Structures are given as C-alpha cells and as structure tokens.
Protein chains: 2
Amino acid sequence: MGENYTLLVKLAQKGLSNIETSTIKLSKELKTSQQTISRKLVEMENNELIKRTSSTKGMVINIEEKGITYLKKNYQTLKEIFQSKDSIKGKIQSGIGEGGYYVSKYQEQFQKQLGFKAFPGTLNVKTNKEEIIKFITTITPIEINGFTTKERTFGSLICYKIKVNKQPSAIVIPERTRHAKEIIEIISSKNLRKTLKLKDNVEVNISK
Amino acid sequence: MGENYTLLVKLAQKGLSNIETSTIKLSKELKTSQQTISRKLVEMENNELIKRTSSTKGMVINIEEKGITYLKKNYQTLKEIFQSKDSIKGKIQSGIGEGGYYVSKYQEQFQKQLGFKAFPGTLNVKTNKEEIIKFITTITPIEINGFTTKERTFGSLICYKIKVNKQPSAIVIPERTRHAKEIIEIISSKNLRKTLKLKDNVEVNISK
DNA sequence: ATTACTAGCCGTCGAGTAC
DNA sequence: TGTACTCGACGGCTAGTAA
C-alpha cells in the first residue's frame, strides 16, 4: 500500500467526507512535493481508500469505507496499547520529597487549575513504569505554567488529577521530564501521609 | 524519520519495555526482510525512539520516551477523528423497511446477544453520514452469525446497542455492507413507531 | 490557479555474507 | 541459531512541464 497512512490521517483530520483541498496545500502541510501528493492520491483512489473529483481549481475528497476501516483498525490498535485499568497500585517511598518548597511556588495555579491549594510536600509513590504510562495516557493533562523570579526559574508542570485511596490528588511531573518515571510525585490539599495514615512501603490505590 | 511507524506500533503491541524478540521474528510478522528490520531498528535507536541490547541470541527492546510520545500523539489524533458526541439526531424515514421478514429469521440470536426479540420491522432513520460513522466507532459491535436454510442464505449482521428516545434498541448493518449508510435500520423489542408515536420526518435522538 | 504526466536522480530494499 | 555490514537493483521522489 506504500506509505499513504500519514496522508490518510491528514485527510481524516479535515473530515471524512467532502474535503475541499488541493495537492499544493497538502504538500505544504506534509512537507513533501505537490507531485508526490498527486501520485499518492491517485494510488489511494486505485486502492479504493478514497474517492475524488478533481479539477483545475482543486479537489473534493471523500474517504471511503476501506479508508475508514483502515483508520479505525489503527485506532483500535493504539487504544489497546494505551488502554489501562481504571486504577493502579503503588508503594509509598520514604521521604516527604524535596518537592515541598517548589509546591509552594505554584499555589495560585494549583488552586485555579486543580481546585485546591497543595499541602507543601509531595508523596512519592513507586509504581510499575509501564502501568503508570498507560494509566496517565488516558487522563487529560493539566498544564501549570512556569515562571521566573529574581532568583531563579521555575519550570512548567504537567498535572493529572487522580485519587489516592479515594482522596482527590494530582500527579505532578516537571514538563522537561515529559514522561512519568517509575517513582511519581503526588500532591493533595491534605497531608496524605497523615490523613491516610501511610507508612513507607504501604500499598496505595491510585484511581481516576 | 523514514517509515518506522509500523514497526514501532508492532513493538508497542508486545509491550513498552523489555520486549524480547529478534529481527527475524519481526521481519516475518511485518512481511519484510531481516535486513530491513535491522536497519530500521538501528535508525530508531539513533532517533532515540527505542533502546536496545542486542546479542547473537536476539534482542531486548525498550521503547523510550520519544517513541511513546510519538505513539501517544498518533493515538490522540485518531481519537479526535473518531470522537463523537454521546448522541446524534436522525429523521424518521417512510416505510416500515423491508427488513421485517429478515428480522424474524435472526430472533434466537437477537434474544441471546441483544437481550430481546425484535419486533418484526425496522425503523429507518436518516442521519448525517459522518456523525453516524463516528458515533458507531465508539460502540462495541455485536456480531450476529449468518446461516443457510434450504431456500437461501442469510448473511451475518453487525449490531450496535443504542437507545432511540431512551428506548433500548439496536442499529443493524448487514456485514457485507461493513459500514453505516446515511439511512440506518433500527430494531427493538417494541414497535418503535407506535410506542414512541413517531411519524415520518420526525426527529429522534439516538444515544448510547 | 490547478492536476498529473515524464524523466532522471536518489534512497530504500534485500541477497550475500562476516562475525 | 543471532545481528548488521556491503552493494546492486528497483522503486519512490521531485523538477519540469502540458493541459
């Protein structure tokens, strides 16, 4: 089938039927030549992935059954890869986390975006890396903007609203990290360690 | 980046970390040569999509941050393409549908798989083609097997459990069609036309 | 403006093979 | 068994251009 997947996705993003576009527009969007787009669209039409009416003024494209099925199959595959349980287990790690000081610097934004001011200390929880990646992928990330003071720069954070043993909390990941580590840092309005009576190595339940 | 997407997805299907495999196995699965897999894996490692430890006994692959982010981005894109509202509108079409006779032939399976015996007549509803495709994609399809009698063959059906104005029903699509048309056929335990007091061109709400 | 052909360049593929 | 190199062949890419 050649490499028509990227083009098919690009088209689908514009709609599934009656897409008005041109080979030149598409070539710019996909950073390739007008000729390549033209050739690929002809191919895709021969493969019955799409149907077109093209003129010297541009073209109108419809994604056909076969094309939609192909995209759907891909969607399902990725869905399965990232699908996770609704909750995962983790073990409390020692230390209150060095995060306490940093947490205090983002309070206004936490209040605004997460709906609570955070207790100045993070709960460190050890999880299974694969599980935490999948778990997090299905949650909408909340971005906390970075800022600069006279002294130094505080980077952006990505937060995921979760519950720790049913207590509303949030996983906090520095944006430069970009991805969850095995050990995650959790904040909450309460002192989770006290409220939930947690000790090192105790297992907790992290849910959506 | 070349065409490494397919290979990355194949790897991800095996897991995100500590994937034990070999270039030969992968080449068979992806119907390409061992050499191509080897070259692509080297490329992907250079691009920091994966990390590997390879020996003469095979290899262990870990998908790295960049690779996971790349897959996630793709997943989100497809998700947006197929994401739909939880309900769509449709307009009642004239005619009871020729489906009445056929419906009666599948009753046992309807009872078993859908949980009801169907009123022998289908409700034809005109919808927006694009919306119905997206709506249906998020519902788990239920397959009704085809069968052959002395006289003729009855093909397989794909059903999607839905509600029409809150009344439990199912969209029925002959499998050979494979995809929703603009006009869909709906069955229910009740005579929907009577129960819901529907007339031609009246708008109905189709929900999950 | 467009689409899509032809021609020639260039990159990707895989057989052969070393380790 | 393995991985991964070299290198010839083949196919995809884009410049030029017709319509």
Side-chain angles (χ1 to χ4, degrees), chain A residues 1-64 66-67 70-71 74, chain B residues 1-64 66-68 70-71 74 77:
Chain A
M1 203 176 283
E3 193 20 51
N4 295 330
Y5 174 72
T6 312
L7 177 52
L8 191 58
V9 170
K10 178 56 82 182
L11 290 173
Q13 282 183 288
K14 297 176 187 300
L16 298 179
S17 48
N18 299 319
I19 308 154
E20 293 179 38
T21 186
S22 78
T23 53
I24 294 179
K25 279 184 203 157
L26 288 168
S27 70
K28 280 175 187 158
E29 285 172 32
L30 293 177
K31 283 162 194 155
T32 183
S33 70
Q34 175 271 325
Q35 292 87 338
T36 292
I37 298 293
S38 174
R39 180 172 35 80
K40 285 190 172 178
L41 288 176
V42 171
E43 263 175 48
M44 285 164 76
E45 193 157 22
N46 290 338
N47 290 329
E48 292 175 309
L49 294 173
I50 59 167
K51 258 190 189 152
R52 294 181 304 155
T53 51
S54 60
S55 71
T56 57
K57 301 205 169 166
M59 49 175 62
V60 179
I61 302 175
N62 282 282
I63 302 182
E64 292 296 288
K66 245 184 165 177
Y70 181 58
L71 288 171
N74 248 279
Chain B
M1 204 176 282
E3 193 21 50
N4 295 331
Y5 174 71
T6 312
L7 177 52
L8 190 59
V9 170
K10 178 56 82 181
L11 289 173
Q13 283 184 287
K14 297 176 186 300
L16 298 179
S17 47
N18 299 319
I19 309 154
E20 293 179 39
T21 185
S22 78
T23 53
I24 294 179
K25 278 184 202 155
L26 288 167
S27 70
K28 280 175 186 157
E29 286 173 31
L30 293 176
K31 283 162 194 155
T32 183
S33 70
Q34 176 271 325
Q35 291 88 338
T36 292
I37 297 293
S38 174
R39 180 168 34 80
K40 285 189 173 178
L41 288 175
V42 172
E43 264 174 48
M44 285 164 75
E45 193 158 22
N46 290 338
N47 291 329
E48 293 176 310
L49 294 173
I50 59 168
K51 257 191 189 151
R52 294 181 306 155
T53 51
S54 60
S55 71
T56 56
K57 300 204 171 167
M59 49 176 61
V60 179
I61 302 176
N62 282 283
I63 302 182
E64 292 295 288
K66 245 186 167 177
I68 290 171
Y70 181 59
L71 289 172
N74 248 278
T77 303

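Letters A, B, ... mirror the listed sequences (proteins, then strands); counts begin at 1. Just so you know, these numbers use all the heavy atoms, side chains as well, and skip hydrogens, waters and symmetry mates. Being a predicted model, the structure only gives us computed values, none of them experimental.
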**Request:** Report yes or no: does B/Asn62 contribute a side-chain atom to a donor-acceptor pair with the main-chain N or O of B/Asn18 at less than 3.5 Å?
**Result:**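 It does hold such a pair.
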**Asked** Within the side chain of A/Lys40, is there an N or O that forms a donor-acceptor pair under 3.5 Å with the backbone of A/Glu3?
**Response** yes
**Item:** Passing option when A/Ile19 is tested against A/Ile50, A/Ile63, A/Val60 for side-chain contact (heavy atoms from CB on, under 4.5 Å)
**Value:**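 Between A/Ile19 and the candidates, side-chain contact (heavy atoms from CB on, under 4.5 Å) is satisfied uniquely by A/Ile63.
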**Message:** How bent is the helix from C/dT2-D/dA19 to C/dC19-D/dG2, measuring the angle between the end axes built from five pairs each, rounded to 10°?
**Reply:** 40°
May I have the distance from [X] (atom [atom1]) to [N] (atom [atom2]), rounded to whole angstrom?
X       : N      : atom1 : atom2 : answer
A/Leu7  : D/dG12 : CG    : P     : 15 Å
A/Glu3  : C/dG11 : CD    : P     : 18 Å
B/Leu26 : D/dG2  : CG    : P     : 11 Å
B/Ile37 : C/dA15 : CD1   : P     : 13 Å

**Message:** Can you list everything that forms a side chain to side chain donor-acceptor pair (under 3.5 Å) with B/Ser17? Sequence neighbours excluded, please.
**Reply:**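 Scan of B/Ser17 (side chain to side chain donor-acceptor pair (under 3.5 Å), adjacent residues dropped) gives A/Glu130.
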**Asked** With sequence neighbours excluded, what pairs up with B/Lys66 under the salt bridge (charged side-chain N to carboxylate O under 4.0 Å, His left out) test?
**Response** B/Glu48
**Prompt:** Hey, are B/Asn74 and A/Tyr5 close enough side-chain-wise for a donor-acceptor pair under 3.5 Å?
**Reply:** yes
Residues 30-39 of chain A side chain polar contacts: donor-acceptor under 3.5 Å, at least two apart:
residue : atom : partner : partner atom : Å
A/Ser33 : OG   : A/Thr36 : N            : 3.1
A/Ser33 : OG   : A/Thr36 : OG1          : 3.0
A/Gln34 : NE2  : A/Thr23 : OG1          : 3.3
A/Thr36 : OG1  : A/Arg39 : NH2          : 3.3

Pairs under 3.5 angstrom, nitrogen or oxygen only, protein versus nucleotides 1-5 of chain C, please.
residue : atom : partner : partner atom : Å
C/dT2   : O4'  : A/Thr56 : O            : 2.7
C/dT3   : OP1  : A/Thr23 : N            : 2.9
C/dT3   : OP2  : A/Thr23 : N            : 3.4
C/dT3   : OP2  : A/Thr23 : OG1          : 2.2
C/dA4   : OP1  : A/Ser54 : OG           : 3.3
C/dA4   : OP2  : A/Arg52 : NH1          : 3.0
C/dA4   : N7   : A/Gln34 : NE2          : 2.8
C/dA4   : N6   : A/Gln34 : OE1          : 2.9

**Message:** Would you say A/Ser33 places a side-chain N or O within less than 4.0 Å of OP1 or OP2 belonging to D/dA15?
**Reply:**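 A/Ser33 to D/dA15 OP1/OP2: no side-chain N or O under 4.0 Å.
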**Prompt:** Given D/dC13, is OP1 or OP2 found less than 4.0 Å from the side-chain N or O atoms of A/Lys40?
**Reply:** yes
**Asked** Any salt bridge (Lys or Arg N to Asp or Glu O under 4.0 Å) pairs touching residues 12-21 of chain B, not counting sequence neighbours?
**Response** B/Lys14-B/Glu29
